[in-house]
Amino acid sequence: MTKFLERVYQDFQEEQHNWCELPLSQFVYNELSGKVYGGYDKTHYEQFYLLKYAPLYVSEYTEVYEDFLDRYPYKVLRILSVGVGAGLDYYGLEQALKKHTDIEVEYLGIDLVDWNYRDESIDFEQVDLSDISQNPQVMAFIKEGLDLVIFPKSIVEIPYNVSVGNGYVELCSLLKAHQIVDVWFINSYIKTSNGIIGMEAFGSVLDKLAEDGYSIFDGVDATDCYSSKGGKVNYPMDYKNSWQKDLEEHCRQKCSPEQAKRCSLLQYPMLNKAYIAYSITNLKKVA
(Lines give C-alpha, C1' and ligand atoms only; values in the text may rest on other atoms or scores of the structure.)
Protein backbone atom coordinates (compact mmCIF):
# COMPACT_ATOMS: atom_id res chain seq x y z
CA MET A 1 0.00 0.00 0.00
CA THR A 2 2.85 2.38 0.77
CA LYS A 3 4.32 1.90 -2.72
CA PHE A 4 0.89 2.62 -4.20
CA LEU A 5 0.61 5.91 -2.31
CA GLU A 6 4.18 6.85 -3.17
CA ARG A 7 3.28 6.59 -6.86
CA VAL A 8 0.17 8.73 -6.38
CA TYR A 9 2.15 11.33 -4.46
CA GLN A 10 4.94 11.40 -7.03
CA ASP A 11 2.36 12.13 -9.73
CA PHE A 12 0.83 14.77 -7.46
CA GLN A 13 4.17 16.55 -7.19
CA GLU A 14 4.99 16.30 -10.90
CA GLU A 15 1.66 17.69 -12.08
CA GLN A 16 1.99 20.74 -9.83
CA HIS A 17 -1.70 21.58 -9.42
CA ASN A 18 -2.70 24.49 -7.23
CA TRP A 19 -4.31 22.21 -4.67
CA CYS A 20 -5.38 25.03 -2.36
CA GLU A 21 -7.91 26.07 -5.00
CA LEU A 22 -9.29 22.59 -5.54
CA PRO A 23 -13.05 22.72 -4.76
CA LEU A 24 -13.56 20.42 -1.80
CA SER A 25 -17.28 20.29 -2.65
CA GLN A 26 -16.36 17.69 -5.28
CA PHE A 27 -16.21 15.11 -2.49
CA VAL A 28 -18.97 16.37 -0.21
CA TYR A 29 -22.34 14.68 0.29
CA ASN A 30 -25.14 17.03 -0.76
CA GLU A 31 -28.28 16.42 1.29
CA LEU A 32 -30.52 18.28 -1.16
CA SER A 33 -29.53 16.25 -4.18
CA GLY A 34 -28.83 13.08 -2.21
CA LYS A 35 -25.54 12.37 -3.95
CA VAL A 36 -21.80 12.72 -3.62
CA TYR A 37 -20.15 14.87 -6.22
CA GLY A 38 -16.88 13.43 -7.45
CA GLY A 39 -14.60 14.42 -10.28
CA TYR A 40 -13.24 10.91 -10.40
CA ASP A 41 -12.67 11.05 -14.15
CA LYS A 42 -9.92 13.65 -13.61
CA THR A 43 -6.49 12.40 -12.56
CA HIS A 44 -5.80 15.19 -10.07
CA TYR A 45 -9.12 14.59 -8.34
CA GLU A 46 -8.21 10.92 -8.01
CA GLN A 47 -4.89 11.96 -6.46
CA PHE A 48 -6.69 14.27 -4.05
CA TYR A 49 -9.10 11.52 -3.00
CA LEU A 50 -6.44 8.83 -2.58
CA LEU A 51 -3.99 11.02 -0.68
CA LYS A 52 -6.76 11.95 1.72
CA TYR A 53 -8.66 8.70 2.20
CA ALA A 54 -6.68 5.64 1.03
CA PRO A 55 -4.92 4.75 4.32
CA LEU A 56 -8.13 5.01 6.35
CA TYR A 57 -10.33 3.20 3.85
CA VAL A 58 -7.91 0.32 3.26
CA SER A 59 -7.75 -0.10 7.03
CA GLU A 60 -11.55 -0.18 7.15
CA TYR A 61 -11.86 -2.66 4.28
CA THR A 62 -9.27 -4.93 5.91
CA GLU A 63 -11.28 -4.87 9.11
CA VAL A 64 -14.62 -5.46 7.42
CA TYR A 65 -13.30 -8.32 5.26
CA GLU A 66 -11.74 -9.96 8.31
CA ASP A 67 -15.08 -9.67 10.10
CA PHE A 68 -16.90 -11.09 7.09
CA LEU A 69 -14.48 -13.97 6.45
CA ASP A 70 -14.74 -15.02 10.10
CA ARG A 71 -18.48 -15.57 9.46
CA TYR A 72 -18.37 -16.89 5.90
CA PRO A 73 -18.87 -20.69 5.98
CA TYR A 74 -17.66 -21.70 2.49
CA LYS A 75 -14.28 -22.16 0.79
CA VAL A 76 -15.14 -20.42 -2.50
CA LEU A 77 -16.01 -16.72 -2.58
CA ARG A 78 -17.18 -14.74 -5.61
CA ILE A 79 -17.25 -10.97 -5.05
CA LEU A 80 -18.84 -8.14 -7.03
CA SER A 81 -17.52 -4.73 -5.96
CA VAL A 82 -19.95 -2.01 -7.06
CA GLY A 83 -18.27 1.37 -7.44
CA VAL A 84 -14.83 -0.19 -7.09
CA GLY A 85 -12.97 3.04 -7.92
CA ALA A 86 -9.25 2.57 -7.36
CA GLY A 87 -9.82 -0.87 -5.87
CA LEU A 88 -9.14 0.09 -2.25
CA ASP A 89 -11.44 -2.65 -0.98
CA TYR A 90 -9.39 -5.16 -2.99
CA TYR A 91 -6.27 -4.10 -1.06
CA GLY A 92 -8.20 -4.72 2.17
CA LEU A 93 -9.34 -8.11 0.89
CA GLU A 94 -5.73 -9.10 0.15
CA GLN A 95 -4.75 -8.27 3.73
CA ALA A 96 -7.70 -10.12 5.24
CA LEU A 97 -7.03 -13.25 3.17
CA LYS A 98 -3.65 -13.65 4.87
CA LYS A 99 -5.64 -15.04 7.81
CA HIS A 100 -7.92 -17.13 5.57
CA THR A 101 -5.57 -18.75 3.09
CA ASP A 102 -7.92 -21.69 2.48
CA ILE A 103 -10.57 -19.56 0.71
CA GLU A 104 -10.52 -19.34 -3.09
CA VAL A 105 -11.62 -15.91 -4.28
CA GLU A 106 -12.83 -14.55 -7.62
CA TYR A 107 -13.35 -10.78 -7.72
CA LEU A 108 -14.90 -8.40 -10.23
CA GLY A 109 -15.10 -4.64 -9.84
CA ILE A 110 -17.48 -2.37 -11.74
CA ASP A 111 -17.60 1.41 -11.92
CA LEU A 112 -18.79 4.23 -14.15
CA VAL A 113 -15.23 5.60 -14.19
CA ASP A 114 -12.09 3.74 -15.18
CA TRP A 115 -9.70 5.07 -12.53
CA ASN A 116 -6.08 5.75 -13.45
CA TYR A 117 -4.76 4.30 -10.19
CA ARG A 118 -6.51 0.95 -10.03
CA ASP A 119 -4.16 -2.05 -10.05
CA GLU A 120 -4.22 -3.76 -13.45
CA SER A 121 -4.49 -7.17 -11.79
CA ILE A 122 -8.05 -6.35 -10.67
CA ASP A 123 -10.73 -7.66 -13.04
CA PHE A 124 -12.78 -4.63 -14.00
CA GLU A 125 -15.71 -3.62 -16.17
CA GLN A 126 -16.69 -0.02 -16.84
CA VAL A 127 -20.48 -0.08 -16.58
CA ASP A 128 -23.36 1.57 -14.75
CA LEU A 129 -25.08 -0.70 -12.23
CA SER A 130 -28.40 -0.16 -14.01
CA ASP A 131 -26.85 -1.48 -17.24
CA ILE A 132 -25.08 -4.58 -15.94
CA SER A 133 -27.51 -6.95 -17.68
CA GLN A 134 -26.17 -5.55 -20.97
CA ASN A 135 -22.54 -6.31 -20.10
CA PRO A 136 -21.50 -9.84 -21.18
CA GLN A 137 -18.56 -10.07 -18.79
CA VAL A 138 -20.59 -9.07 -15.75
CA MET A 139 -23.41 -11.38 -16.71
CA ALA A 140 -21.01 -14.29 -17.20
CA PHE A 141 -19.54 -13.61 -13.76
CA ILE A 142 -22.95 -13.57 -12.06
CA LYS A 143 -24.08 -16.65 -13.96
CA GLU A 144 -21.20 -18.61 -12.41
CA GLY A 145 -22.40 -17.59 -8.96
CA LEU A 146 -22.31 -14.57 -6.68
CA ASP A 147 -21.63 -14.79 -2.95
CA LEU A 148 -20.88 -11.21 -1.90
CA VAL A 149 -21.80 -7.74 -3.13
CA ILE A 150 -19.77 -4.91 -1.60
CA PHE A 151 -20.48 -1.19 -1.90
CA PRO A 152 -17.17 0.48 -0.93
CA LYS A 153 -18.36 4.00 -0.01
CA SER A 154 -20.43 3.94 -3.20
CA ILE A 155 -23.95 3.16 -2.07
CA VAL A 156 -24.87 6.86 -1.68
CA GLU A 157 -23.74 7.62 -5.23
CA ILE A 158 -26.29 5.33 -6.90
CA PRO A 159 -29.86 6.66 -7.30
CA TYR A 160 -32.36 4.53 -5.43
CA ASN A 161 -35.52 6.65 -5.35
CA VAL A 162 -36.50 6.25 -8.99
CA SER A 163 -38.18 3.35 -10.75
CA VAL A 164 -36.53 3.84 -14.15
CA GLY A 165 -32.84 3.01 -14.43
CA ASN A 166 -32.61 1.95 -10.79
CA GLY A 167 -29.37 0.01 -10.43
CA TYR A 168 -30.48 -1.64 -7.20
CA VAL A 169 -33.60 -3.02 -8.85
CA GLU A 170 -31.48 -4.35 -11.71
CA LEU A 171 -29.07 -6.06 -9.34
CA CYS A 172 -31.81 -7.61 -7.21
CA SER A 173 -33.63 -8.84 -10.33
CA LEU A 174 -30.45 -10.58 -11.51
CA LEU A 175 -30.01 -12.32 -8.14
CA LYS A 176 -33.52 -13.70 -8.48
CA ALA A 177 -33.21 -14.57 -12.17
CA HIS A 178 -29.98 -16.53 -11.65
CA GLN A 179 -31.38 -18.32 -8.60
CA ILE A 180 -28.78 -17.00 -6.19
CA VAL A 181 -30.36 -18.14 -2.94
CA ASP A 182 -27.59 -17.21 -0.49
CA VAL A 183 -25.89 -13.81 -0.81
CA TRP A 184 -24.00 -11.44 1.47
CA PHE A 185 -23.85 -7.64 1.34
CA ILE A 186 -21.15 -5.39 2.74
CA ASN A 187 -21.91 -1.69 2.89
CA SER A 188 -19.16 0.76 3.76
CA TYR A 189 -20.98 3.93 4.73
CA ILE A 190 -19.96 7.58 4.79
CA LYS A 191 -19.78 8.81 8.38
CA THR A 192 -20.00 12.51 9.16
CA SER A 193 -20.57 14.64 12.25
CA ASN A 194 -24.27 14.61 11.34
CA GLY A 195 -24.61 10.85 11.18
CA ILE A 196 -24.14 7.84 8.92
CA ILE A 197 -25.06 8.24 5.25
CA GLY A 198 -26.17 5.38 3.02
CA MET A 199 -28.35 3.26 5.27
CA GLU A 200 -31.54 4.47 3.61
CA ALA A 201 -30.20 3.39 0.23
CA PHE A 202 -29.44 -0.09 1.57
CA GLY A 203 -32.98 -0.18 2.92
CA SER A 204 -34.29 0.08 -0.63
CA VAL A 205 -32.17 -2.95 -1.56
CA LEU A 206 -33.58 -4.96 1.33
CA ASP A 207 -37.13 -3.93 0.46
CA LYS A 208 -36.71 -5.14 -3.11
CA LEU A 209 -35.12 -8.42 -2.03
CA ALA A 210 -37.92 -8.98 0.49
CA GLU A 211 -40.42 -8.64 -2.36
CA ASP A 212 -38.47 -11.35 -4.19
CA GLY A 213 -38.59 -13.74 -1.24
CA TYR A 214 -35.28 -13.04 0.50
CA SER A 215 -34.95 -12.63 4.25
CA ILE A 216 -32.06 -11.72 6.57
CA PHE A 217 -30.29 -14.83 7.86
CA ASP A 218 -27.31 -13.20 9.58
CA GLY A 219 -26.06 -9.67 10.22
CA VAL A 220 -28.00 -6.42 10.43
CA ASP A 221 -30.74 -4.65 8.50
CA ALA A 222 -30.65 -1.07 7.22
CA THR A 223 -31.29 0.41 10.68
CA ASP A 224 -28.03 -0.74 12.23
CA CYS A 225 -24.31 -0.96 11.50
CA TYR A 226 -20.93 -1.14 13.16
CA SER A 227 -19.59 2.33 13.97
CA SER A 228 -16.05 2.75 15.26
CA LYS A 229 -15.47 4.83 18.38
CA GLY A 230 -12.07 6.03 17.23
CA GLY A 231 -8.38 5.19 17.31
CA LYS A 232 -5.67 5.62 14.72
CA VAL A 233 -4.92 3.71 11.55
CA ASN A 234 -1.70 1.71 11.63
CA TYR A 235 0.48 3.51 9.08
CA PRO A 236 4.24 4.14 8.64
CA MET A 237 4.65 7.40 10.55
CA ASP A 238 8.05 8.27 9.07
CA TYR A 239 6.47 8.29 5.60
CA LYS A 240 3.48 10.27 6.85
CA ASN A 241 5.71 12.93 8.43
CA SER A 242 7.81 13.26 5.27
CA TRP A 243 4.62 13.50 3.24
CA GLN A 244 3.20 16.30 5.37
CA LYS A 245 6.49 18.20 5.25
CA ASP A 246 6.47 18.07 1.45
CA LEU A 247 2.84 19.21 1.39
CA GLU A 248 3.61 22.19 3.58
CA GLU A 249 6.42 23.20 1.23
CA HIS A 250 4.12 22.73 -1.75
CA CYS A 251 1.51 25.00 -0.19
CA ARG A 252 4.06 27.69 0.61
CA GLN A 253 5.19 27.73 -3.01
CA LYS A 254 1.80 27.51 -4.68
CA CYS A 255 -0.66 29.24 -2.36
CA SER A 256 -1.07 32.42 -0.40
CA PRO A 257 -0.60 32.22 3.40
CA GLU A 258 -4.36 32.52 3.91
CA GLN A 259 -5.04 29.73 1.44
CA ALA A 260 -2.47 27.52 3.15
CA LYS A 261 -4.20 28.00 6.50
CA ARG A 262 -7.42 26.65 5.00
CA CYS A 263 -5.72 23.89 3.03
CA SER A 264 -6.98 20.51 4.21
CA LEU A 265 -4.07 18.82 2.43
CA LEU A 266 -1.98 19.70 5.49
CA GLN A 267 -4.21 17.36 7.51
CA TYR A 268 -3.54 14.37 5.27
CA PRO A 269 -3.74 11.49 5.40
CA MET A 270 -6.93 10.84 7.41
CA LEU A 271 -6.07 8.28 10.07
CA ASN A 272 -8.95 8.56 12.56
CA LYS A 273 -10.97 5.34 12.79
CA ALA A 274 -13.94 7.30 14.10
CA TYR A 275 -14.96 7.72 10.46
CA ILE A 276 -15.40 3.96 9.97
CA ALA A 277 -18.94 2.61 9.63
CA TYR A 278 -20.08 -0.55 7.86
CA SER A 279 -22.66 -3.31 7.85
CA ILE A 280 -22.56 -7.01 6.96
CA THR A 281 -25.79 -8.77 6.00
CA ASN A 282 -26.51 -12.30 4.80
CA LEU A 283 -29.77 -12.90 2.93
CA LYS A 284 -31.26 -16.18 1.86
CA LYS A 285 -34.18 -16.84 -0.46
CA VAL A 286 -37.08 -18.47 1.30
CA ALA A 287 -38.23 -21.61 -0.51
Side-chain angles (χ1 to χ4, degrees), residues 24-38 40 49 53 56-57 60-61 63-65 67-68 79-85 88-89 109-113 127-132 146 148-176 180 183-229 270 273-286:
L24 301 182
S25 61
Q26 289 291 328
F27 300 100
V28 175
Y29 178 78
N30 187 301
E31 294 183 357
L32 295 178
S33 64
K35 67 181 292 187
V36 174
Y37 294 99
Y40 304 124
Y49 180 94
Y53 295 114
L56 178 64
Y57 287 173
E60 174 176 356
Y61 298 140
E63 181 177 327
V64 69
Y65 272 120
D67 190 352
F68 165 74
I79 304 171
L80 179 67
S81 179
V82 180
V84 65
L88 298 184
D89 76 283
I110 65 171
D111 204 306
L112 271 173
V113 177
V127 63
D128 189 293
L129 182 61
S130 62
D131 295 328
I132 56 175
L146 183 59
L148 169 65
V149 178
I150 180 170
F151 291 94
K153 303 295 178 187
S154 59
I155 197 163
V156 299
E157 300 185 15
I158 304 169
Y160 64 92
N161 56 352
V162 294
S163 58
V164 179
N166 189 325
Y168 299 127
V169 172
E170 184 75 4
L171 175 62
C172 294
S173 297
L174 289 175
L175 295 178
K176 179 182 178 182
I180 296 173
V183 63
W184 294 75
F185 283 86
I186 290 177
N187 296 285
S188 176
Y189 298 115
I190 294 177
K191 188 176 179 182
T192 71
S193 57
N194 296 322
I196 297 170
I197 303 166
M199 299 175 75
E200 184 178 357
F202 183 48
S204 70
V205 176
L206 293 181
D207 289 344
K208 174 58 181 172
L209 288 172
E211 293 176 6
D212 293 337
Y214 290 84
S215 59
I216 296 176
F217 182 78
D218 187 15
V220 299
D221 60 18
T223 65
D224 194 13
C225 71
Y226 168 79
S227 179
S228 176
K229 302 301 181 183
M270 287 184 65
K273 288 187 176 182
Y275 289 97
I276 291 177
Y278 64 83
S279 66
I280 300 174
T281 306
N282 178 214
L283 295 107
K284 295 187 178 183
K285 187 171 176 59
V286 180

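Just the heavy atoms: all of them, side chains too, but no hydrogens, waters or symmetry mates, feed the values below.
A donor-acceptor contact closer than 3.5 angstrom is absent between the side chains of Asn194 and Thr192.
Two residues are said to be in side-chain contact when any heavy atoms from C-beta on lie closer than 4.5 Å; Thr281 and Phe202 meet this criterion. Under the 4.5 Å side-chain criterion, counting only non-hydrogen atoms from C-beta, Tyr168 is not in contact with Val82. Side-chain contact between Ser227 and Ile196 is present, with heavy atoms from C-beta onward closer than 4.5 Å. Counting heavy atoms from C-beta outward, Lys208 and Ser173 have side chains that approach closer than 4.5 Å. Between Leu171 and Val205, the closest side-chain pair of non-hydrogen atoms is not below 4.5 Å. Here the side chains of Asp89 and Val64 are not in contact, with every heavy-atom distance at 4.5 Å or above.
Tyr189 pairs by the ring pair (Phe, Tyr, Trp, His ring centres under 6.0 Å) definition with nothing, not counting sequence neighbours. Residues passing the ring pair (Phe, Tyr, Trp, His ring centres under 6.0 Å) test with Tyr275: none are found, sequence neighbours excluded.
Remark: Ile276 CD1 to Lys229 NZ distance equals 13.0 Å, nearest 0.5 Å. The structure places NZ of Lys284 at 15.0 Å from CG of Leu209, a figure rounded to the nearest 0.5 Å. Here Leu88 contributes atom CG and Ser81 contributes atom OG; the two are 9.5 Å apart, rounded to the nearest 0.5 Å.
Remark: Lys153 is positioned above the aromatic ring of Tyr57, its terminal NZ or CZ atom under 6.0 angstrom from the ring centre and at most 45 degrees off the axis.
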Side chain to side chain contact (heavy atoms under 4.5 Å, CB included) between Asp67 and Ile186: does it pass, once the steps are laid out?
CA-CA 10 Å; Asp67 190 352; Ile186 290 177; over 6 Å; no
Show the numbers, then the answer: is there a side chain to side chain contact (heavy atoms under 4.5 Å, CB included) between Ile79 and Tyr65?
CA-CA 11 Å; Ile79 304 171; Tyr65 272 120; 4.0 Å; yes
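Tyr226 and Tyr278 have tilted rings, their planes meeting at an angle from 30° to 60° on a 0 to 90° scale. Between Phe151 and Phe185, the two ring planes are parallel [angle under 30°; tilted spans 30° to 60°].
Under a 3.5 Å cut-off, the side chain of Asn282 and the backbone N or O of Val183 do form a donor-acceptor pair. With Asn187 contributing its side chain and Ser279 its backbone, the two residues share no donor-acceptor pair below 3.5 Å. Within the 3.5 Å criterion, the main-chain N or O of Lys273 finds a donor-acceptor partner in the side chain of Ser228. For the pair Lys191 (side chain) and Ala274 (backbone), a donor-acceptor distance under 3.5 Å is present.
Counting only residues at least two apart or in different chains, side-chain hydrogen bond (donor to acceptor under 3.5 Å, both in side chains) contacts with residues 212-225 comprise Asp221-Thr223.
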